[in-house]
Trainee: 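There's a structure below that I have some questions on.
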Amino acid sequence: MSTEILNKILDKPTFKEKDRILIGKAFAVAQEAHKNQKRSSGEPYITHPLSVAYFLSELGLDSTTVAACLLHDTLEDTSLTHADLEKEFGKEITFLVDGVTKLSKIEYSDPSTSSGQASKKNHTDHLNSLKKMIFAMAEDIRVILIKLADRYHNMETLKFLNKTDQKRIALETMEIYAPIAARLGMGRLKGQLEDLAFPYVYPAEYSEMMKKAKNKYKDVLGYIDKTKPLIKRQLTDANIPVLDMHSRTKHLYSLYQKITRKDKDLDKIYDLVAMRIIVPDIKSCYEALGVIHKYYKPLPGLIKDYIALPKPNGYQSLHTTIFCEK
């Protein structure tokens with residue numbers, strides 16, 4: 001299994017021979033350092049840094065970052081020292097590993113241990129301080145990316161921990177790491193982290209949402225798949241180049257928040273499933289919107305221009321909700 005994942009990383013076409021040598025060396029050192037360690041799942045410990053490295057390699061990160069991923073727990077959990085790493089891999093990789101190690105020492109306080117309005121404000125202030133501290137301590141954005149990938153894999157294997165640790169780690173993920181992913185413009189990762197934390201933080205609400213949304217998602221995804229080629233043809237006929245078209249389902253926790261916040265019925269949520277159309281430039285964005293509105297009537301009040309008015313994290317796109325086929 002480990003060899004298979006390693007080969008997937010090494011097979012990335014962006015990596016040259018020197019990159020593959022570096023990653024292979026980092027894997028060998030990490031595997032040796034963690035050789036007598038096991039995860040709570042019973043798997044060899046090396047499966048964790050390997051999964052973290054694979055996650056970031058899929059996002060197109062460079063070989064230095066991927067090598068640091070493989071080594072990210074060595075300073076904290078093995079006998080390898082700062083000097084050992086610097087001797088084998090140089091200052092840059094050691095700096096990244098050291099940065100991740102420092103972030104691991106930041107302490108999160110569980111809000112369930114306090115109550116009252118003042119305590120809630122204190123907890124909010126504590127969260128804001130932690131986020132600022134993480135960005136200040138990281139110095140290099142790659143340190144935060146490694147930490148986010150590390151947290152993502154830890155959340156995937158959270159079921160093997162005891163219930164107290166599950167709740168604490170899930171809350172920390174929802175309140176600290178998901179917002180950091182959002183701030184970096186990593187909306188998909190934010191949603192994934194929240195969805196992984198949801199069943200541990202709000203188990204009853206998660207169960208209820210799963211029952212309500214399961215068949216709804218299936219129905220609307222099927223509808224989107226039928227509609228996609230029709231819209232693509234309309235854009236192509238209008239000479240608008242389409243680089244990519246895909247559908248996305250609203251993340252379960254995001255759906256739960258929207259229903260709770262707006263006291264809405266699931267049938268009144270119009271972005272349960274959405275189609276995402278990627279075009280080459282801003283001009284094509286507005287032209288594509290014009291074509292879509294020519295064929296399909298938009299729902300008043302639900303056209304949003306995030307190109308003219310980008311979101312705080314830099315996100316830019318056009319949103320519309322339309323009465324489509326049937």
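The first residue of the sequence shown is numbered 1, and numbering continues consecutively from there.
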Trainee: Could you work out the complete set of other residues in the hydrophobic cluster of Leu309, with links drawn between I, L, V, M, F, W and Y side chains under 4.5 Å apart?
Mentor: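 Noted: Leu309 shares its cluster with no other residue.
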Trainee: Would you kindly confirm whether Leu85 and Leu50 end up in one hydrophobic cluster when ILVMFWY residues are joined by side chain heavy atoms under 4.5 Å apart?
Mentor: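 Result: no, two separate clusters.
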Trainee: Taking the side chain as C-beta and beyond, is there a heavy-atom pair between Lys25 and Glu88 under 4.5 Å?
Mentor: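 When only atoms from C-beta onward are counted, Glu88 and Lys25 do touch, with a gap below 4.5 Å.
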Trainee: Can Arg142 and Asp140 be counted as an ion pair, charged N to O under 4.0 angstrom?
Mentor: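 Salt bridge: yes.
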Trainee: Please say whether more than 12 non-hydrogen atoms of neighbouring residues, nucleotides or ligands are located less than 6.0 Å from NZ in Lys311.
Mentor: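 Buried by this count: over 12 neighbours within 6.0 Å.
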Trainee: For the pair Ser207 (side chain) and Pro203 (backbone), establish whether a donor and an acceptor sit closer than 3.5 Å, ignoring hydrogens and angles.
Mentor: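 Not at all, since once roles are kept as given, no pair shorter than 3.5 Å links the two residues.
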Trainee: I would like to know whether Thr101 and Asp98 meet side chain to side chain donor-acceptor pair (under 3.5 Å); could you show each step before the answer?
Mentor: CA-CA 5 Å; Thr101 306; Asp98 191 44; 5.1 Å; no
Trainee: Is the backbone N or O of Ala182 less than 3.5 Å from a side-chain atom of Asn313, with the two atoms forming a donor-acceptor pair by type?
Mentor: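 Present.
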Trainee: Within the structure provided, determine whether Phe27 and Ile9 are in side-chain contact (heavy-atom separation under 4.5 Å).
Mentor: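 No, side chains not in contact.
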Trainee: Before you tell me yes or no, could you show the steps for Ile224 and Thr227 under side-chain contact (heavy atoms from CB on, under 4.5 Å), namely the whole-Å CA-CA distance, both residues' side-chain angles and the distance that decides it to 0.1 Å?
Mentor: CA-CA 5 Å; Ile224 285 274; Thr227 308; 5.7 Å; no
Trainee: Can you pull the salt bridge (Lys or Arg N to Asp or Glu O under 4.0 Å) pairs that have at least one residue in residues 143-155, sequence neighbours excluded?
Mentor: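 Salt bridge (Lys or Arg N to Asp or Glu O under 4.0 Å) check on residues 143-155 returns Lys147-Asp150, Arg151-Glu172.
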Trainee: Where do Ala170 and Val201 come nearest, in terms of heavy atoms and distance?
Mentor: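 Heavy atoms only, the tightest pair is CB-CG2, 3.6 Å.
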Trainee: Without swapping roles, check the side chain of Gln166 against the backbone of Leu158 for a donor-acceptor pair under 3.5 Å.
Mentor: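 Answer holds: yes.
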Trainee: Do Leu75 and Ile134 belong together in a cluster built from hydrophobic side chains that touch within less than 4.5 Å?
Mentor: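 Not linked; separate clusters.
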Trainee: Any donor-acceptor pair under 3.5 Å linking the side chain of Thr47 with the backbone of Pro44?
Mentor: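 Indeed, once roles are kept as given, a pair shorter than 3.5 Å links the two residues.
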Trainee: Indicate the ring-plane relationship of Tyr202 and Tyr256, choosing parallel, tilted or perpendicular according to the 30° and 60° boundaries.
Mentor: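 Tyr202 vs Tyr256 ring planes: tilted.
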Trainee: Same cluster or not: are Ile146 and Phe89 linked, directly or through other Ile, Leu, Val, Met, Phe, Trp or Tyr residues, by side-chain heavy atoms under 4.5 angstrom apart?
Mentor: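 Ile146 and Phe89: separate clusters.
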Trainee: To the nearest 0.5 Å, tell me how far Met275 CE sits from Lys232 NZ.
Mentor: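 So the CE of Met275 and the NZ of Lys232 are separated by 11.0 Å.
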Trainee: Considering non-hydrogen atoms only, spot the tightest contact between Ala68 and Val97 and give its length.
Mentor: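 For Ala68 and Val97, the tightest heavy-atom pair comes out as O-CG2, 3.8 Å.
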Trainee: Give me the atom names and distance for the closest heavy-atom approach of Cys324 to Tyr223.
Mentor: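 Closest heavy-atom pair between Cys324 and Tyr223: CB-OH, 3.1 Å.
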Trainee: Step by step, work out the side-chain contact (heavy atoms from CB on, under 4.5 Å) result for Ile46 and Lys35.
Mentor: CA-CA 8 Å; Ile46 191 62; Lys35 68 179 178 182; over 6 Å; no
Trainee: Check whether any side-chain heavy atom of Glu86 lies under 4.5 Å from a side-chain heavy atom of Thr81, and answer yes or no.
Mentor: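 Of all side-chain heavy-atom pairs linking Thr81 with Glu86, none is under 4.5 Å.
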Trainee: If you round to the nearest 0.5 Å, how far is OG of Ser247 from CG of Asp225?
Mentor: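 Reported to 0.5 Å precision, the distance equals 5.5 Å.
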Trainee: Is any side-chain heavy atom of Glu194 closer than 4.5 Å to a side-chain heavy atom of His251?
Mentor: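 They are not in contact (no side-chain heavy atoms under 4.5 Å apart), so the answer is no.
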Trainee: Please determine whether the number of non-hydrogen atoms from other residues, nucleotides or ligands lying under 6.0 Å from atom CZ of Arg183 exceeds 12.
Mentor: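 It does not: Arg183 CZ has 12 such atoms or fewer within range.
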Trainee: Can you tell me how far CG of Asp195 sits from CE of Met174, rounded to the nearest 0.5 angstrom?
Mentor: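 Nearest 0.5 Å value for the CE-CG distance: 8.5 Å.
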Trainee: Evaluate His48 against His72 for side-chain contact (heavy atoms from CB on, under 4.5 Å), listing each step before the verdict.
Mentor: CA-CA 10 Å; His48 170 63; His72 80 270; 3.4 Å; yes
Trainee: Using side-chain contact (heavy atoms from CB on, under 4.5 Å), reason through Val29 and Leu80 one step at a time and then give a plain yes or no.
Mentor: CA-CA 9 Å; Val29 169; Leu80 278 181; 3.7 Å; yes
Trainee: Less than 4.5 Å apart, side chain to side chain, heavy atoms only: is that true for Ile292 and Ile277?
Mentor: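 Result yes, sub-4.5 Å side-chain heavy-atom pair found.
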Trainee: For Lys190 and Ala178, work out which heavy atoms get closest and say how close.
Mentor: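 Where Lys190 meets Ala178 most closely, the heavy atoms are CG-O, 3.5 Å.
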Trainee: Check for me, please, whether Leu71 and Ile23 land in the same ILVMFWY cluster - side-chain distances under 4.5 Å, paths through other members count.
Mentor: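 No, separate clusters.
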Trainee: Begin from the C-alpha positions of Thr321 and His319 and carry the test side chain to side chain donor-acceptor pair (under 3.5 Å) through to its verdict.
Mentor: CA-CA 7 Å; Thr321 301; His319 288 192; over 6 Å; no
Trainee: On a heavy-atom basis, which atom in Ala149 and which in Phe55 lie closest, and how many Å separate them?
Mentor: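 Heavy atoms only, the tightest pair is CB-CD2, 3.6 Å.
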Trainee: Given side chains that start at C-beta, do those of Leu189 and Leu184 come closer than 4.5 Å, heavy atoms only?
Mentor: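 A side-chain contact is absent here, since even the closest heavy-atom pair is not under 4.5 Å.
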Trainee: I need the Leu289 CG to Glu287 CD distance, nearest 0.5 Å.
Mentor: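 Going from CG on Leu289 over to CD on Glu287, the span is 11.0 Å.
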Trainee: Just how far is it from atom OG1 of Thr320 to atom OH of Tyr296, taken to the nearest 0.5 Å?
Mentor: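 If we round to the nearest 0.5 Å, Thr320:OG1 and Tyr296:OH are 12.5 Å apart.
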Trainee: When you compare the side chain of Met209 with that of Phe198, does any pair of heavy atoms fall below 4.5 Å?
Mentor: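 Side-chain contact under 4.5 Å: yes.
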Trainee: With rounding to the nearest 0.5 Å, note down the distance linking CZ in Arg20 to CG in Asn7.
Mentor: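 Arg20 atom CZ to Asn7 atom CG measures 11.0 Å (nearest 0.5 Å).
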Trainee: Report the C-alpha distance between Asp165 and Arg168 in whole Å, list the side-chain angles of each, state the deciding distance to 0.1 Å, and finish with yes or no for salt bridge (charged side-chain N to carboxylate O under 4.0 Å, His left out).
Mentor: CA-CA 5 Å; Asp165 286 344; Arg168 176 183 56 80; 3.5 Å; yes
Trainee: Would you call Thr173 and Tyr200 a side-chain contact if the rule is heavy atoms closer than 4.5 Å?
Mentor: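 The answer is no, as the side chains (C-beta and beyond) never meet within the 4.5 Å cut-off.
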Trainee: Is there a chain of hydrophobic side chains (I, L, V, M, F, W, Y, each step under 4.5 Å between heavy atoms) that links Ile231 to Tyr295?
Mentor: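 Looking at the clustering, Tyr295 is in the same group as Ile231.
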Trainee: Check Val291 against Ala238 and note the closest heavy-atom contact, atom names and distance.
Mentor: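 Looking at all heavy atoms of both residues, the shortest contact is CG2-CB, 3.7 Å.
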